[in-house]
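In what follows, a structure is listed as structure tokens, so that the remarks can point back to it.
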Amino acid sequence: MVLGADKDYWIDNEALLETTRKWMPDKVHPMVIPDSAHGFVLDEDWRRVSDAVVEWLQRVVAATEIMDLISEHTKPSISEFEL
């Protein structure tokens with residue numbers, strides 16, 4: 001996850017994209033929290049930021065669980081082989 005703020009004057013959008021390209025090229029897009037500045041996790045409205053992160057984590061966990069289920073069904077069991 002790459003997380004940024006749309007009103008961050010220290011880390012602009014280009015730096016956010018550069019970080020994403022360096023560490024996770026072609027895998028993720030940065031999440032930009034609207035109406036937030038650099039210290040968004042310390043703002044009065046921090047819960048809005050934490051809710052966005054939790055929602056993202058739930059999607060990742062759900063996707064991971066789905067991929068695990070798919071891979072379990074595609075693995076051959078020992079009973080499928082003739083001995």
Side-chain angles (χ1 to χ4, degrees):
M1 169 183 240
V2 178
L3 189 61
D6 70 341
K7 294 181 179 177
D8 191 334
Y9 295 107
W10 288 353
I11 300 174
D12 62 11
N13 284 340
E14 184 55 37
L16 191 63
L17 291 172
E18 187 177 321
T19 300
T20 304
R21 284 191 297 263
K22 178 174 176 60
W23 296 107
M24 294 170 261
D26 301 324
K27 293 184 182 172
V28 298
H29 299 284
M31 179 188 298
V32 178
I33 304 298
D35 300 319
S36 296
H38 186 76
F40 52 77
V41 296
L42 304 173
D43 286 346
E44 291 177 9
D45 199 16
W46 63 269
R47 192 170 304 274
R48 182 172 56 93
V49 178
S50 68
D51 288 346
V53 171
V54 167
E55 183 180 311
W56 179 84
L57 286 170
Q58 289 170 336
R59 287 194 313 265
V60 168
V61 168
T64 302
E65 289 173 351
I66 290 168
M67 293 306 295
D68 287 346
L69 286 172
I70 291 170
S71 67
E72 283 299 316
H73 291 298
T74 58
K75 290 180 187 173
S77 69
I78 192 69
S79 64
E80 293 178 27
F81 293 98
E82 289 185 24
L83 299 177

Task: Greater than 12 external heavy atoms within 6.0 Å of Arg59's CZ - done: yes

Open item on the list: Is there a continuous path of hydrophobic side-chain contacts, each under 4.5 Å between heavy atoms, that joins Val54 to Met31?
Closed with: no

TODO: Using side-chain contact (heavy atoms from CB on, under 4.5 Å) as the criterion, list what pairs up with Ile11, not counting sequence neighbours.
DONE: Asp8, Ala15, His38

TODO: Look at the side chain of Arg48 and the backbone N and O of Pro34, then say whether any donor-acceptor pair between them is shorter than 3.5 Å.
DONE: yes

Task: Transitive ILVMFWY side-chain link Phe40 to Val32, under 4.5 Å - done: no

- [ ] Kindly determine whether Trp56 and Leu3 satisfy side chain to side chain contact (heavy atoms under 4.5 Å, CB included), including the steps that lead there.
- [x] CA-CA 11 Å; Trp56 179 84; Leu3 189 61; over 6 Å; no

Task: Minimal non-hydrogen separation, Val41 against Trp46, with atom names - done: O-CB, 3.4 Å

Open item on the list: Taking the basic N atoms (NZ, or NE/NH1/NH2) and the acidic carboxylate oxygens, is any pair closer than 4.0 Å for Glu18 and Lys22?
Closed with: no

Task: Joint cluster assignment, Ile33 & Trp10, ILVMFWY side-chain distance < 4.5 Å - done: no

- [ ] Work out which heavy atom in Ala37 is nearest to a heavy atom in Asp43; give both atom names and the distance.
- [x] N-OD2, 4.2 Å

- [ ] Only counting residues at least two apart or in another chain, list the ones meeting side chain to side chain donor-acceptor pair (under 3.5 Å) with Asn13.
- [x] none

Open item on the list: My understanding is that only residues two or more places apart in sequence, or in another chain, count here; which of them pass side chain to side chain donor-acceptor pair (under 3.5 Å) with Thr20?
Closed with: none

TODO: Would you name the heavy atoms of Leu17 and Pro30 that are closest together and state the gap between them?
DONE: CD2-CG, 3.8 Å

